[in-house]
Student: 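Right, I'll just put the structure down here and ask away after.
Any value given below was found using the heavy atoms of this structure, including those in side chains, with hydrogens, waters and symmetry copies removed.
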Amino acid sequence: MGTPAKEVAKEGTGAAVPQMKLLVDKRSRRVLYAEARKDAVDFLIGLLRVPTGLAVRVIAHAAAENADDALAVPGSLGTLYAGARALDDAFFVSATPGRDAILCPALPSAVLTLLLRGDAFALLAPAPSPPPPPPPPPPPKRFFRCAGPYGTSCRGNPTSVTDVAGLPCPVCRQPMTVEMRWSPGDAHGKLAQAAAQEAAATAKETVMAAGGGGGYVKEVVSYLVMDDLTVEPMSTISAIMLLKNSTDCSALEELTVDLGHKEAVLLLKAALEATTALTDVFCGGVSIDRLE
């Protein structure tokens, strides 16, 4: 559970596992608060975007994989999910219902891949089918006018045009066979170029606003995470105020923990059940060692 404060690589990737530093009261086995960086806070906020169907399936899969009743899906969501999966195809609107697409929609954020692991990734969040190739562009339209010979009603200044060669001119009744060239208003693509530049500038501003690395919060500060997963910017004053109720500072211990797959699943379940999520996962309740 706890590890020294160092960079730990995810299984199968070169990315660092998010970490948090917990301040634990050893006597009551309670987490007072945690200090977290951007990656850990991004994961916690990302939990708010987990679809219910995906949350149920992740927890149910972990429980079945480990034969652990303590990991049962909270409330009636587990039986709702099991019943929906057991429904016969005849009761679905679609003739060939994609149960994974209905009950387990795609991940809303790459941060939440912490909830999935190895072959479970393909099982829990199957990749969506690639979109069909776009249809070929239609051939450019061709326009025709009459020759407008002198001695006819058009008199060298035809005013009618058609997209069907050979039709008689409605003015002079001559065949309309002279092709005309279409000159679009954005002949040199200036409007499209300006739109592309504006979109690129907007995307750059969005990345800069997110601290340059995507996610949800900026990386310029550390964050204080409470036992009930309340998040706020870290400050010395707020940390001291949280310690005012602790009469014996010798009973406090700092513990660095990783947010890997096991912790991610347990935090998701604890967040659905209690207001002491950090304590339940890292200091008691369901043991992390049950998820191997």
Side-chain angles (χ1 to χ4, degrees), residues 1-11 15-48 50 55 58-59 62 66 68 70-71 74 111-115 117 211 215-292:
M1 177 176 63
T3 63
K6 62 180 180 179
E7 294 296 318
V8 183
K10 290 181 182 178
E11 294 179 5
V17 173
Q19 293 184 331
M20 293 193 299
K21 291 182 180 179
L22 309 179
L23 188 63
V24 181
D25 186 330
K26 293 187 293 183
R27 292 184 176 178
S28 63
R29 294 185 58 82
R30 182 173 61 90
V31 175
L32 300 183
Y33 64 83
E35 180 183 350
R37 302 293 297 177
K38 169 183 167 57
D39 52 0
V41 176
D42 280 343
F43 166 75
L44 294 175
I45 295 178
L47 289 177
L48 297 173
V50 178
V58 166
I59 298 173
N66 295 276
D68 193 342
L71 288 171
V111 175
L112 301 183
T113 54
L114 277 175
L115 292 172
R117 176 185 60 183
Y216 306 108
V217 297
K218 293 184 178 181
E219 199 169 3
V220 293
V221 297
S222 293
Y223 294 89
L224 193 69
V225 181
M226 306 302 297
D227 199 10
D228 61 0
L229 302 185
T230 301
V231 177
E232 60 184 62
M234 185 76 179
S235 71
T236 304
I237 295 177
S238 59
I240 293 175
M241 292 299 293
L242 290 171
L243 294 176
K244 66 180 182 179
N245 294 327
S246 179
T247 57
D248 186 4
C249 292
S250 64
L252 301 182
E253 178 184 27
E254 184 182 278
L255 183 66
T256 300
V257 296
D258 302 328
L259 287 181
H261 166 70
K262 296 182 292 186
E263 295 83 357
V265 174
L266 290 171
L267 270 175
L268 173 61
K269 182 175 185 291
L272 292 171
E273 292 181 321
T275 58
T276 54
L278 295 181
T279 295
D280 291 350
V281 172
F282 298 109
C283 294
V286 179
S287 172
I288 290 178
D289 295 333
R290 295 186 184 182
L291 271 177
E292 293 296 342

Student: Quick one: list whatever passes side-chain contact (heavy atoms from CB on, under 4.5 Å) with Ala40, sequence neighbours left out.
Tutor: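 Counting only residues at least two positions away or on another chain, Ala40 forms a side-chain contact (heavy atoms from CB on, under 4.5 Å) with Pro18, Met20, Ala36, Leu259.
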Student: Apply side-chain contact (heavy atoms from CB on, under 4.5 Å) to Val257 and Leu22, showing your working.
Tutor: CA-CA 7 Å; Val257 296; Leu22 309 179; 3.9 Å; yes
Student: What distance do Glu273 atom CD and Leu266 atom CG have between them, rounded to the nearest 0.5 Å?
Tutor: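 Taking CD in Glu273 and CG in Leu266, the distance rounds to 10.0 Å.
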Student: Only counting residues at least two apart or in another chain, list the ones meeting side-chain contact (heavy atoms from CB on, under 4.5 Å) with Glu254.
Tutor: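 Glu254 satisfies side-chain contact (heavy atoms from CB on, under 4.5 Å) with Lys21 once adjacent residues are dropped.
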Student: Measure the shortest side-chain to side-chain distance between Asp42 and Val217 over non-hydrogen atoms and say whether it is less than 4.5 angstrom.
Tutor: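 A side-chain contact exists here, since the closest heavy-atom pair is under 4.5 Å.
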Student: Ignoring hydrogens, what is the shortest heavy-atom contact between Val225 and Leu278? Give both atom names and the distance.
Tutor: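 Looking at all heavy atoms of both residues, the closest pair is O-CD1, 3.9 Å.
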Student: Start with the C-alpha distance between Val24 and Leu252, add both sets of side-chain angles, then the distance that settles side-chain contact (heavy atoms from CB on, under 4.5 Å), and finish with yes or no.
Tutor: CA-CA 6 Å; Val24 181; Leu252 301 182; over 6 Å; no
Student: Is Asp228 reaching over with its side chain to a backbone N or O of Thr230, donor-acceptor style, under 3.5 angstrom?
Tutor: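 At least one qualifying donor-acceptor pair exists.
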Student: Using a distance-only test with no angle check, is there a side-chain donor-acceptor pair under 3.5 angstrom linking Thr279 and Arg29?
Tutor: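 Their side chains do not contain a donor-acceptor pair, so the 3.5 Å distance test is not met.
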Student: List the atom of Arg37, the atom of Glu219, and the distance in Å for their closest heavy-atom pair.
Tutor: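 Closest heavy-atom pair between Arg37 and Glu219: NH2-O, 3.5 Å.
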Student: Does Thr275 have any side-chain hydrogen bond (donor to acceptor under 3.5 Å, both in side chains) partners at least two apart in sequence or in another chain, and if so, which?
Tutor: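 Partners of Thr275 under the side-chain hydrogen bond (donor to acceptor under 3.5 Å, both in side chains) test: none.
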Student: I need the minimum non-hydrogen distance between Ala264 and Phe43, along with the two atoms involved.
Tutor: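 For Ala264 and Phe43, the tightest heavy-atom pair comes out as CB-CZ, 3.5 Å.
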Student: Would you check if Met234 and Tyr33 make a side-chain contact, meaning some heavy-atom pair closer than 4.5 Å?
Tutor: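 Result yes, sub-4.5 Å side-chain heavy-atom pair found.
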Student: Under the rule for side-chain contact (heavy atoms from CB on, under 4.5 Å), what residues qualify as partners of Leu48, not counting sequence neighbours?
Tutor: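 Partners of Leu48 by the side-chain contact (heavy atoms from CB on, under 4.5 Å) criterion come out as none, since no residue qualifies.
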Student: Report the residues that fulfil salt bridge (charged side-chain N to carboxylate O under 4.0 Å, His left out) with Arg27, sequence neighbours left out, ordered by chain and then residue number.
Tutor: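 Result, salt bridge (charged side-chain N to carboxylate O under 4.0 Å, His left out) vs Arg27: Asp248.
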Student: To the nearest 0.5 Å, how far apart are CG in Asp258 and CD in Gln19?
Tutor: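 Output value for this atom pair is 4.5 Å.
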Student: Hey, are the side chains of Val31 and Leu23 touching, using non-hydrogen atoms and a 4.5 Å cut-off?
Tutor: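 A side-chain contact under 4.5 Å is absent here.
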Student: Compare every heavy atom of Lys38 with every heavy atom of Tyr216, then report the nearest pair and how far apart it is.
Tutor: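 So the two residues come closest at N-NZ, 4.0 Å.
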Student: Quick check: do Ile59 and Leu272 have side-chain heavy atoms less than 4.5 Å from each other?
Tutor: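 Ile59 reaches Leu272 side chain to side chain.
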Student: Listed by chain and number, what are the side-chain contact (heavy atoms from CB on, under 4.5 Å) partners of Ala277, not counting sequence neighbours?
Tutor: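 Ala277: side-chain contact (heavy atoms from CB on, under 4.5 Å) contacts with Leu229, Leu267, Ala270.
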